[in-house]
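Written out below as structure tokens is the structure these notes cover.
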Amino acid sequence: MPHEAELLVAPSRGVFLIEVVGGLADALSGQKQVITQPEMAETEDFVGQEPHPVDDDLFKEPMKKRRRSDRDQRFRAFPSVEQSALKEYEKLESRTRRVLSNTYQKLIQSVFLDDSIPNGVKYLINRLLALIEKPSLDPIYIGLFGSTGAGKSSLINAIIQQAMFLPVSGESICTSCIVQVSSGCCEQYEAKIHLLSDQEWKEELKNLTKLLHRPEEPGREEEDAWDRADAVEEAIWKLQMFYGNGAARKNYEELLRAKPKGKIPTSRVITLKAEEAGELSLKLDPYIRTQRRGWDEGSAETQIWPLIKLVEVTLPKSELIPEGVVLVDIPGTGDFNSKRDEMWRKTIDKCSVIWLISDIERVSGGRAHEDLLNESIKACQRGFCRDVALVVTKTDKLHLPEYLRERQVGSQAIQSQREAVLERNEMIKLQRNKVLKEKLKRKLPADSRVLEDSELVYTVSAQEYWQQALLTEEETEIPKLREYIRRRLLDKKRRMATKYVTEAFGLLLLTDSFSCTDNLPNEYLHVSGLRRFVEEEIQLLEKAIDQCFAHIVQPLQEGVRSARSSYRRILGACLVRSRGNQGFHQTLKAVCLKNGIYASRTLGRIDLNEAITQPIYEQIDPVFGVIFRSGKPTDGSALMPHIDAFKHSLQEKMTEIGIRNGWKYDSYKKSFLIQEISAILGGLEGHILRKKRRIYESLSTSVQNDLKPCYEEAAQITGKKACERMKDVLRRGLDQQVAEGMFERAQERMQHQFHQLKNGITEKVKGSITTMLTLASSQGDGLYKELADVKSEYKEMEKLHRSLREVAENALLRRGMQDFLLRMSPSKSGPPKT
């Protein structure tokens with residue numbers, strides 16, 4: 001056979017294995033093969049993570065397991081009952097990794113001197129290595145999403161039990177970038193500050209200087225108000241901070257030659273470490289605070305602030321925040337810089353939980369609160385978010401005389417400030433829970449997980465958590481949020497450990513059966529019949545997906561009609577300011593420079609493309625949510641139930657074939673095939689969720705692309721009446737694009753994205769299952785060979801698999817005992833003494 005590289009993909013993990021047909025000596029020689037197959041990118045997208053770095057070497061040493069003491073530290077944030085459950089799941093997983101590692105080593109030794117390795121053995125080695133190095137838990141991202149001053153940083157400080165760790169809002173001072181806080185097994189407090197790349201800063205610099213270009217013509221109407229434009233103030237502020245006074249008067253080329261005031265590391269990452277939280281907080285403070293405008297001089301840290309795009313903070317072995325949870329402080333409006341704004345949107349979309357943060361004085365209304373709520377709901381539509389909750393902060397604030405005056409007559413008498421605060425907080429919960437649920441119902445499917453939650457609103461007070469002058473620690477509801485975090489992590493750990501042990505058991509089933517050569521001719525006939533059945537089922541799946549996606553067509557058409565009749569009114573509302581054009585023309589210029597999007601810290605986020613397409617989204621949102629929901633099939637309108645039905649159909653067919661034909665000698669292989677199908681189709685869900693975002697945003701992206709020439713033309717306008725002339729360009733350009741079918745093109749592009757998703761699903765399913773069945777067939781590639789005896793590993797894995805039920809039952813029993821003891825215990829003390 002020729003010495004050429006062949007690519008083998010493990011269907012359920014996307015781990016690449018390179019076969020060097022010339023034998024293991026070539027694999028061990030360290031010579032690398034270059035793979036340029038386009039399928040690699042598709043498969044990487046399918047599994048949702050980087051391909052495993054196996055290269056040509058099948059004999060990579062698996063990663064070292066975590067020390068026991070480190071593992072135990074991970075559970076310090078949990079009560080004893082939950083710790084016991086987590087330790088049992090962790091023990092199961094650790095023992096499973098050990099069994100897999102032993103099996104992997106035995107297989108490597110058994111084929112070490114072979115000139116040719118059968119494809120089935122390589123597939124098995126590849127899958128074993130992938131499972132050994134599979135992360136024990138994907139992080140749970142909890143996004144704290146709110147306006148400046150809402151109390152996000154104060155809330156994080158209280159949750160992690162570190163007062164003033166992150167800067168809290170003062171006069172014109174707040175957290176200015178995305179900050180991620182998590183805990184790990186490190187010994188020190190650590191922060192990594194990620195900066196814009198040189199190219200990303202040059203892009204922002206070019207836009208900032210365009211924004212600051214002052215026309216020389218006399219008689220400008222807005223001369224007096226020019227410097228008061230929010231966009232211009234921020235541009236001047238950034239340039240002065242980075243380059244010093246006078247930078248705003250220089251052009252782009254001059255600033256490229258100018259030397260920044262602060263020192264920029266070549267790695268574009270700044271790492272800070274400290275033994276104590278307070279020490280790291282002092283070091284970190286200058287990087288993540290927004291400095292007061294009008295700032296003149298500052299430290300070296302503040303001078304590079306405009307470059308900062310993300311800060312990652314890691315706490316050592318936290319007793320309050322378990323490892324595997326990431327709290328994300330997300331600014332409310334995005335950013336003028338394209339890269340930071342893209343990161344802002346992606347950060348929202350990767351959060352599985354979003355806490356909408358609003359202080360008690362703003363929760364009852366206001367445009368900013370509504371905009372943030374709408375953005376949170378969109379995250380449920382386009383991203384990974386499954387839970388949304390409203391966290392009302394600063395709930396200790398209450399003016400008692402005013403509250404008593406407005407309180408309904410006939411209510412029970414209020415004896416103290418504390419009673420008034422608790423009563424008001426309970427009313428806020430009832431009112432806002434109802435309002436939030438109604439808004440979610442209008443946008444999301446009726447059986448969405450978030451709508452099943454009885455508690456969607458939390459009333460917290462970070463200040464009272466520390467002082468406890470009015471409220472007890474429990475009444476501040478900070479402990480309740482910690483419990484929420486622990487519950488989510490425990491549930492995810494249970495699901496992932498169960499899936500991990502089950503998948504490993506399937507591999508050991510196949511491994512133990514590889515040496516068996518009995519009854520092979522009949523076995524081939526069984527697999528051949530199964531292959532024909534699979535082809536028929538895939539055709540049925542394709543038709544079912546077509547019918548599922550067809551539900552979006554009518555809402556799309558209705559949305560397009562609505563958009564065509566309302567786009568002028570929507571654009572007009574976006575272009576009008578109550579105070580007239582004073583200062584607004586520079587903000588509008590910033591919008592045009594960024595192709596219709598501007599993230600302002602004071603005016604809120606402006607997105608003309610989303611605004612114009614909003615009538616379409618209002619029509620499609622409920623149907624879109626139904627298509628991508630999970631759950632039991634109802635009327636065929638949801639995608640995942642069709643894939644689940646396809647999976648169960650294949651598994652039932654395998655069981656039927658096994659019973660009818662008596663897979664007496666190879667029942668292990670039947671069990672493996674059933675399990676491997678679950679792994680293959682389970683990997684589809686992540687692929688679908690990632691494609692969902694692209695599909696959902698295709699409408700606004702299409703409109704943005706069509707309007708780009710209009711934005712570019714408007715951005716170039718300067719001089720007298722610049723603002724009105726810019727508006728006129730946008731109005732005329734939008735009229736022309738609508739007349740030429742802009743909304744219809746957006747509809748076609750969304751439908752094309754759905755069509756691509758359908759093709760991607762069927763092609764991946766077909767390719768992966770065909771590969772699996774080929775490997776399970778005894779013909780052609782020499783699947784079977786005499787391997788090392790792994791019966792002891794199989795028996796150990798069988799015991800671990802049986803232990804899953806026992807661990808789950810133990811956890812349930814402990815939870816029941818804990819609940820019983822809590823019910824029987826005396827009630828907690830009342831209000832604190834005054």
Side-chain angles (χ1 to χ4, degrees), residues 47-50 74 77 134-146 150 152-153 155-160 165-166 175 177-185 190-194 288 309-315 318 320-332 334-335 340-357 372-373 375-391 448-450 453 456 458 481-496 628 630 685-690 692-693 696-697:
V47 298
Q49 55 191 342
E50 294 296 324
R74 302 174 69 188
K134 183 177 182 179
S136 61
L137 186 68
D138 295 325
I140 296 176
Y141 289 91
I142 299 179
L144 284 76
F145 191 39
K152 303 185 297 295
S153 298
L155 181 57
I156 291 178
N157 290 341
I159 290 174
I160 67 176
F165 182 73
L166 297 180
T175 309
C177 57
I178 296 172
V179 180
Q180 296 184 176
V181 180
S182 60
S183 69
C185 283
E190 182 177 299
K192 289 188 176 180
I193 300 158
H194 300 266
I288 60 177
K309 61 181 178 182
L310 171 68
V311 175
E312 294 178 292
V313 180
T314 305
L315 312 176
S318 172
L320 299 167
I321 297 300
E323 184 180 350
V325 172
V326 183
L327 299 175
V328 191
D329 185 339
I330 307 175
D335 198 275
R340 278 196 291 253
D341 198 62
E342 179 187 356
M343 180 175 289
W344 176 82
R345 180 65 65 87
K346 286 184 175 180
T347 299
I348 295 172
D349 288 347
K350 76 178 179 182
C351 292
S352 55
V353 177
I354 288 181
W355 289 345
L356 179 60
I357 313 298
L372 292 173
L373 176 57
E375 193 67 42
S376 301
I377 295 174
K378 286 177 186 175
C380 291
Q381 293 282 33
R382 67 174 184 248
F384 288 84
C385 183
R386 289 292 177 269
D387 280 353
V388 174
L390 173 63
V391 180
S448 295
R449 173 177 171 174
V450 65
D453 292 338
L456 294 176
Y458 298 86
L481 292 179
R482 290 181 186 145
E483 182 186 359
Y484 174 93
I485 292 170
R486 292 195 302 266
R487 191 171 63 246
R488 286 298 303 263
L489 187 70
L490 181 60
D491 180 62
K492 187 168 185 178
K493 182 64 179 177
R494 175 187 57 79
R495 288 185 284 107
M496 290 195 70
F628 289 101
S630 57
E685 187 171 6
H687 166 75
I688 290 169
L689 285 174
R690 286 185 296 279
K692 180 178 77 167
R693 179 175 185 249
Y696 189 78
E697 292 181 342

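Along the sequence shown, the residues carry numbers beginning at 1. The model shown is predicted, which means the values in this text are computed figures rather than measured ones.
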Residues which pass side-chain hydrogen bond (donor to acceptor under 3.5 Å, both in side chains) with Tyr484, listed by chain and number, not counting sequence neighbours: Asp387

By side-chain contact (heavy atoms from CB on, under 4.5 Å) - contacts of Lys346 (at least two apart): Glu342, Arg693

Partners meeting side-chain contact (heavy atoms from CB on, under 4.5 Å) with Met496 (sequence neighbours left out): Leu137, Asp138, Lys492

Side chain to side chain, Phe145 and Lys152, heavy atoms closer than 4.5 Å: no

Any donor-acceptor N/O pair, Ser352 side chain to Cys385 backbone, under 3.5 Å: no

Flag, side chain of Arg482 to backbone of Ile159, donor-acceptor distance under 3.5 Å: yes

Those residues that, when tested against Glu375, pass salt bridge (Lys or Arg N to Asp or Glu O under 4.0 Å) (two or more places apart): Arg345, Arg382

Qualifying residue for side-chain hydrogen bond (donor to acceptor under 3.5 Å, both in side chains) with Asp491, from Arg495, Lys493, Arg488: Arg495

Any donor-acceptor pair under 3.5 Å from Lys692 side chain to Gln381 backbone: yes

Non-neighbouring partners of Tyr458 that pass ring pair (Phe, Tyr, Trp, His ring centres under 6.0 Å), sequence neighbours left out: none

All salt bridge (Lys or Arg N to Asp or Glu O under 4.0 Å) counterparts of Lys350, not counting sequence neighbours: none

Set of side-chain contact (heavy atoms from CB on, under 4.5 Å) partners for Glu190, sequence neighbours left out: Lys192, Thr271, Lys273

Trp344 side chain vs Pro331 backbone, donor-acceptor pair below 3.5 Å: yes

Lys309 side-chain N/O to His194 backbone N/O, donor-acceptor pair under 3.5 Å: no

Contacts of Phe384 that satisfy side-chain contact (heavy atoms from CB on, under 4.5 Å) - sequence neighbours left out: Leu689, Arg690

Ile178 backbone acceptor or donor facing Asp329 side chain under 3.5 Å: no

